[in-house]
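Here the structure is a predicted model, which means the values were calculated and not measured.
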Amino acid sequence: MTTPANTQTTHQQDAILVLLAQIPAGQVSTYGAIAGAAGLPGYARFVGQVLRRLPKDTKLPWHRVINAQGKLSFPEHSAPFIEQKKRLLKEGIELINNKISLKKYQQKC
DNA sequence: TCCTTGACGGAGA
DNA sequence: ATCTCCGCCAAGG
């Protein structure tokens, strides 16, 4: 076989994508929570990098991932911010002052 | 190989 | 509750 060099992070990336697909509509998760669930505590930033690399036409619910503060990790005037907020509202997630109540919407499982 | 960047998180003022 | 600073880790220049 050809030397499978980079397997470690690649495998973890796949785990992150799987967890992302696990998030049901109407609920959200945080970068840190996904990282921890993937067995990578403290890798919140890495999760962000993985999502950033997702293709524009991905079927994965990337919009259900927010930061630990319950807010969207995009500038309020940016296009992705508007798009994410739009999708969340469409799923029945309530944003109060551009903030989401993790208490109510964060996936517990 | 070193420095900078980034869809983060948490503590402090 | 808002803002700033520091620590975290991987990827890119």
Output a table of nitrogen or oxygen pairs between the protein and nucleotides 2-4 of chain C separated by less than 3.5 Å.
residue: C:dT2; atom: OP2; partner: A:Lys99; partner atom: NZ; Å: 3.4

Exercise. Do A:Leu40 and A:Val47 come within less than 4.5 Å of each other through their side chains, counting heavy atoms only?
Worked result: no

Problem set entry | Min side-chain heavy-atom separation A:Phe46-A:Ile16 under 4.5 Å | yes

Problem set entry | Near-strand residues of residues 53-65 of chain A, defined as heavy-atom separation under 4.0 angstrom from DNA chain C | none

Problem set entry | Sequence neighbours excluded - salt bridge (charged side-chain N to carboxylate O under 4.0 Å, His left out) pairs with any residue from residues 33-61 of chain A | none

Exercise. Would you say A:Val50 and A:Val18 are hydrophobically clustered, going by side-chain heavy atoms of ILVMFWY under 4.5 Å?
Worked result: no

Exercise. To the nearest angstrom, how far is A:Ile96 atom CD1 from C:dA1 atom C1'?
Worked result: 15 Å

For this session: Give every residue pair that meets the side-chain hydrogen bond (donor to acceptor under 3.5 Å, both in side chains) criterion with at least one member in residues 24-41 of chain A, sequence neighbours excluded.
Result: none

For residues 100-109 of chain A, run the donor-acceptor check on the side chains, cut-off 3.5 Å, and write out each pair with its distance to 0.1 Å, sequence neighbours left out.
residue: A:Tyr105; atom: OH; partner: A:Glu94; partner atom: N; Å: 3.3

For this session: For A:Phe74 and A:Phe81, work out which heavy atoms get closest and say how close.
Result: O-CD1, 3.3 Å

For this session: Can you sort out the partners of A:Asp14 under side-chain hydrogen bond (donor to acceptor under 3.5 Å, both in side chains), two or more places apart, ordered by chain and number?
Result: none

Seminar exercise, completed: A:Pro61 and A:Ala21 have their tightest heavy-atom pair at CD-CA, 4.2 Å

Seminar exercise, completed: Sorted by chain and residue number, the side chain to side chain contact (heavy atoms under 4.5 Å, CB included) partners of A:Ala37 (sequence neighbours excluded) come out as A:Leu19

Seminar exercise, completed: For residues 79-89 of chain A, the side-chain hydrogen bond (donor to acceptor under 3.5 Å, both in side chains) pairs (sequence neighbours left out) are A:Glu83-A:Arg87, A:Lys85-A:Asn98

Exercise. Heavy-atom contacts under 4.0 Å between residues 101-108 of chain A and DNA chain C, which residues?
Worked result: none

Problem set entry | Boundaries of the DNA chain B segment in contact with chain A, non-hydrogen, under 4.0 Å | B:dG6 to B:dG10

Could you tabulate the donor-acceptor pairs under 3.5 Å formed by side-chain atoms of residues 62-69 of chain A, not counting sequence neighbours?
residue: A:His63; atom: NE2; partner: A:Glu91; partner atom: OE2; Å: 3.0
residue: A:Arg64; atom: NE; partner: A:Glu91; partner atom: OE1; Å: 3.0
residue: A:Arg64; atom: NE; partner: A:Glu91; partner atom: OE2; Å: 3.2
residue: A:Arg64; atom: NH1; partner: A:Ile23; partner atom: O; Å: 2.7
residue: A:Arg64; atom: NH2; partner: A:Glu91; partner atom: OE2; Å: 2.8
residue: A:Asn67; atom: OD1; partner: A:Gln69; partner atom: N; Å: 3.0
residue: A:Asn67; atom: OD1; partner: A:Gly70; partner atom: N; Å: 3.2
residue: A:Asn67; atom: OD1; partner: A:Lys71; partner atom: N; Å: 3.0
residue: A:Asn67; atom: ND2; partner: A:Lys71; partner atom: O; Å: 3.1
residue: A:Asn67; atom: ND2; partner: A:Ser73; partner atom: OG; Å: 3.3

Seminar exercise, completed: Expected list for residues 16-47 of chain A near DNA chain C, using heavy atoms below 4.0 Å, is A:Tyr43, A:Arg45, A:Phe46

For this session: Could you pull out the closest heavy-atom pair between A:Ala35 and A:Ala44, with the gap in Å?
Result: CB-N, 3.8 Å

Exercise. If you round to the nearest 0.5 Å, how far is CD of A:Gln12 from OG1 of A:Thr10?
Worked result: 9.5 Å

Problem set entry | Nearest heavy-atom neighbours spanning A:Leu89 and A:Ile93 | CD2-O, 3.4 Å

